[in-house]
Colleague: 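Let me give you the structure first, and then I'll get to my questions.
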Amino acid sequence: MLDMKLIRNDFEKAAEQLKKRGVKKEEITRLQEIDKKRRELIQESEQLKNKRNQVTKEIAEKKRNKESAEEAIHSMQEVSKEIKAIDRELEEVEKETSDIATGLPNLPHESVPVGETEDDNVEISRWGDDLISRPGDNPKPHYEIGEDLGILDFKRGAKVAQSRFVYYVGAAARLERALYNFMLDTHTTQNGYQEIITPYLVNDASMFATGQFPKFKEDVYEIENENLTLIPTAEVPLTNYYREEILSEADLPKYFTAMSPSFRSEAGSAGRDTRGLIRLHQFHKVELVKLATPENSYDELEKMTRDAEDILEKLELPYRRIVLSTGDMGFAAAKTYDIEVWMPAQDTYREISSCSNTEDFQARRGMIRFRREESGKIEYAHTLNGSGLAVGRTVAAILENYQQVDGSVKVPDVLVPYMGGMEVISSEK
RNA sequence: GGAGAAUUGUCCGAGAGGCUGAAGGAGCACGAUUGGAAAUCGUGUAAACGGCCAACGCCGUUUCAAGGGUUCAAAUCCCUUAUUCUCCGCCA
């Protein structure tokens, strides 16, 4: 949610910023008009209420003195009717205001490249170029490796659930578990995050605060006849942990990490990444969430992105970092870095982490605030989130990058202890 | 899932249509006292929205779980929902 004052006081700038994100100017103009109307109605209503409160006091006074208050009561009946009418109108206006306001994306940070699509994203850095040739000439895609070894079963996933579901069998299941344990251990012991296990179902208010609702309902699984949704990412329960609370400045920054399944309907992505672990309805992800003061949030974003990259470096998986353009950023983000891992069989980099600073966008929707030590003033915190990392995609990257000519897969050194000493994954069959 | 009880500010807790943003404690902050501390005394102790202000602030409206209703007027009466506790059932 944007700060309405920004739109009121600096309309041109807000409109221009939103235009970069594909919002039409008419929409903002309408918002400006209706916001003005809203404030007029509020003033009207409040004036009448003030009058009513005063007369009500007089009536009480008279009653106590056993005087007649008939006349005042009579005139107040009219005023009350008037107040009701104005409040009803106000309600409609407020609904339209929030319909528009809650549908507007966050304003991009000034450092974000302006563009319309992912083609306008800008590469920032690369790591591990020298490792890229490792698998040799005709690298197999990870789903073939997994099926050939008998450790990934997409067929039965589709039979028992639906397409885009999978069974991990034997060494693959162990690898997935090894990976998220390794990631959690690194983030908690080395990077200072507090480990959390969250609810996997959350209510509408939580989905609203992080920005998924109301605009992106079709992307998630909702439970019928319940005010509950399967989380599309642990970002939702982690960021909502302090919803409607006021922290003290000394509490910040807060670092949270959680491993959780993530559920996504993938509506509208039919035909994309239909095979393999890249795009499933259910996958594990180790999530990083930070709450920070506004003056520190961009430093925290850099650090968080490094924390995610560090996992790939420890796994010796080549990657690059890109900054998303204004057209490719998520709804809530002010700035987003994507980390893309090298996938040999596709001869390209694929997203494995996305680290965003939403500034006060989510905090405003969820009333996540803190009190300044100095002044005692209350401000919105900045919230950040990033994957550290998507576990299924990491499994895919390991299978492809660590495949060997005989069809087996070497286990990355750092994972061997987590795999009970296993150094090579060979056929389960 | 069935039956009953509860939900008031940071916490405990009064209040039972008008004098209640809310008694009384506790906590916390500041000040006095002290060599310093404890004790004691004094003062203060919410948020949202709207208006005014360069700013410190000031004014108004709202808020006693949430939403709706009755009334000139609701913490207080009525309805719906949520949460918590107790008993029964079921269950890892």
Side-chain angles (χ1 to χ4, degrees), chain A residues 1-10 31-102 197 199-209 213-214 222-229 237 240-251 261 360-381:
Chain A
M1 182 113 67
L2 300 178
D3 187 356
M4 278 306 300
K5 287 194 190 110
L6 199 81
I7 292 170
R8 264 177 232 152
N9 300 340
D10 204 347
L31 184 61
Q32 197 188 28
E33 284 168 8
I34 202 137
D35 175 59
K36 187 159 168 259
K37 177 83 181 158
R38 175 177 158 268
R39 280 178 298 152
E40 284 167 6
L41 287 170
I42 286 175
Q43 285 196 53
E44 243 180 283
S45 165
E46 288 190 351
Q47 265 170 31
L48 285 173
K49 279 176 187 165
N50 184 225
K51 188 177 172 194
R52 183 181 66 186
N53 287 346
Q54 272 170 16
V55 176
T56 292
K57 259 183 211 156
E58 285 165 27
I59 293 172
E61 186 86 8
K62 281 185 181 158
K63 290 261 176 186
R64 255 176 281 132
N65 297 337
K66 304 260 188 315
E67 293 168 32
S68 165
E70 282 308 305
E71 203 181 316
I73 289 176
H74 222 73
S75 71
M76 277 303 101
Q77 285 174 339
E78 286 307 308
V79 174
S80 269
K81 262 182 211 150
E82 226 177 306
I83 290 174
K84 259 183 199 161
I86 293 169
D87 280 351
R88 212 154 280 157
E89 197 183 343
L90 182 62
E91 209 176 306
E92 275 170 40
V93 168
E94 278 185 333
K95 190 180 177 305
E96 191 179 346
T97 308
S98 83
D99 281 353
I100 298 173
T102 60
I197 293 175
Y200 300 148
L201 294 158
V202 296
N203 59 32
D204 291 356
S206 300
M207 291 294 281
F208 174 80
F213 281 7
E222 291 184 78
I223 307 294
E224 219 174 330
N225 301 323
E226 294 264 4
N227 174 21
L228 288 170
T229 300
N240 273 279
Y241 188 77
Y242 285 118
R243 172 156 55 83
E244 287 151 47
E245 293 188 35
I246 299 171
L247 301 164
S248 55
E249 187 176 354
D251 291 336
D360 64 4
F361 187 86
Q362 294 177 326
R364 198 177 288 282
R365 292 167 84 102
M367 299 290 276
I368 304 164
R369 294 166 295 172
F370 72 100
R371 193 184 295 276
R372 285 285 181 193
E373 210 102 21
E374 266 307 271
S375 60
K377 288 248 166 71
I378 288 167
E379 286 180 42
Y380 291 108

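Since the model is a prediction, treat every value here as computed from it, not as a measurement.
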Colleague: Taking atom P in both B:G42 and B:G24, what distance in whole Å separates the two?
Modeller: 12 Å
Colleague: How many whole angstroms separate atom CZ of A:Arg243 from atom P of B:A48?
Modeller: 17 Å
Colleague: Considering all heavy atoms of both residues, which atom of A:Phe370 and which atom of A:Tyr380 are nearest to each other, and what is their separation?
Modeller: CE2-O, 3.5 Å
Colleague: Could you state the CD1-P distance from A:Ile83 to B:U71, rounded to the nearest angstrom?
Modeller: 14 Å
Colleague: In this structure, how many angstroms lie between the P atom of B:U45 and the CD1 atom of A:Ile246, rounded?
Modeller: 16 Å
Colleague: At under 4.0 Å between heavy atoms, what does A:Lys37 touch on the DNA or RNA strands: base, sugar-phosphate, or nothing?
Modeller: nothing
Colleague: Is the shortest side-chain N to carboxylate O distance from A:Glu245 to A:Arg369 below 4.0 Å?
Modeller: no
Colleague: Starting at atom CG of A:Asn203, determine the distance to atom C1' of B:U81, rounded to an integer number of angstrom.
Modeller: 14 Å
Colleague: Strictly under 3.5 Å: I want the nitrogen or oxygen pairs between protein and nucleotides 51-53 of chain B, one per line.
Modeller:
from, atom 1, to, atom 2, distance (Å)
B:G51, OP1, A:Arg39, NH1, 3.0

Colleague: Using atom C1' of each nucleotide, how far apart are B:C64 and B:C59 to the nearest Å?
Modeller: 24 Å
Colleague: One pair to check against side-chain contact (heavy atoms from CB on, under 4.5 Å): A:Leu41 and A:Val93. What are the steps and the verdict?
Modeller: CA-CA 9 Å; A:Leu41 287 170; A:Val93 168; 3.8 Å; yes
Colleague: With rounding to the closest Å, how many angstrom separate the P atoms on B:U71 and B:A65?
Modeller: 23 Å
Colleague: Taking only N and O in the side chain of A:Arg52, is any of them less than 4.0 Å away from OP1 or OP2 of B:U62?
Modeller: yes
Colleague: Looking at the side chain of A:Lys63, which of B:A47, B:C49, B:G18 is the nearest nucleotide?
Modeller: B:G18
Colleague: Let me know, please, whether A:Ile73 or A:Arg38 comes out on the 5' side of the other along RNA chain B by nearest nucleotide.
Modeller: A:Arg38
Colleague: To the side chain of A:Arg369, which of B:A47, B:G50, B:G18 is closest?
Modeller: B:A47
Colleague: Ignoring backbone atoms, establish whether A:Ser75 has a side-chain N or O less than 4.0 Å from OP1 or OP2 of B:C72.
Modeller: no
Colleague: Is the phosphate of B:U62, meaning OP1 or OP2, less than 4.0 Å from a side-chain N or O of A:Asn53?
Modeller: yes
Colleague: If you count the non-hydrogen atoms of other residues, nucleotides and ligands that lie under 6.0 Å from CD1 in A:Ile197, is the total more than 12?
Modeller: no
Colleague: Tell me which of A:Lys377 and A:Lys5 sits closer to the 5' end of RNA chain B, going by the nucleotide each one is nearest to.
Modeller: A:Lys5
Colleague: Between B:U33 and B:C19, how far apart are the P atoms? Round to whole Å, please.
Modeller: 41 Å
Colleague: For RNA chain B, report each stem as range with range, ordered by first number, or say none. Use Watson-Crick or G-U wobble pairs under 3.5 Å, at least 3 in a row.
Modeller: B:1-7 with B:82-88, B:10-12 with B:24-26, B:27-32 with B:40-45, B:46-52 with B:57-63, B:65-69 with B:77-81
Colleague: Please report the shortest heavy-atom distance between A:Ala205 and A:Arg243, naming the atom on each side.
Modeller: CB-NH1, 3.6 Å
Colleague: Let me know the distance between CD of A:Glu379 and C1' of B:A48, rounded to the nearest Å.
Modeller: 17 Å
Colleague: Using atom CZ of A:Arg88 as one end and atom P of B:G69 as the other, report the distance to the nearest whole Å.
Modeller: 7 Å
Colleague: Any Lys/Arg nitrogen of A:Lys84 or A:Asp87 sitting under 4.0 Å from an Asp/Glu carboxylate oxygen of the other?
Modeller: no
Colleague: Under 4.0 Å from OP1 or OP2 of B:A47: is there any side-chain N or O of A:Arg371 that close?
Modeller: yes
Colleague: Where the side chain of A:Ala60 is concerned, which of B:A47, B:C49, B:G18 is the nearest nucleotide?
Modeller: B:G18
Colleague: Send over the distance from A:Lys57 NZ to B:U61 C1', rounded to a whole Å.
Modeller: 13 Å
Colleague: Base, sugar-phosphate, or nothing: which does A:Lys49 touch, judged by heavy atoms less than 4.0 Å apart?
Modeller: sugar-phosphate
Colleague: Taking atom types as modelled and ignoring hydrogens, do the side chains of A:Ser206 and A:Asn203 form a donor-acceptor contact shorter than 3.5 angstrom?
Modeller: yes
Colleague: Provide the distance between the two C1' atoms, one in B:A3 and one in B:U8, to the nearest whole Å.
Modeller: 27 Å
Colleague: Should the pair A:Lys37-A:Glu89 be classified as a salt bridge under the 4.0 Å nitrogen-to-oxygen rule?
Modeller: yes
Colleague: C1' atom, B:G15 versus B:A23: distance in rounded Å?
Modeller: 8 Å
Colleague: With respect to the phosphate group of B:U61, does any side-chain polar atom (N or O) of A:Asn50 fall under 4.0 Å of OP1 or OP2?
Modeller: yes
Colleague: Quickly work out the A:Glu94 CD to B:G50 P distance and round it to whole Å.
Modeller: 9 Å
Colleague: Using OP1 and OP2 only, check whether a side-chain N or O of A:Lys84 sits under 4.0 Å from B:G69.
Modeller: no
Colleague: With a non-hydrogen cut-off below 4.0 angstrom, is A:Ile59 in contact with a base, only sugar-phosphate, or nothing?
Modeller: base
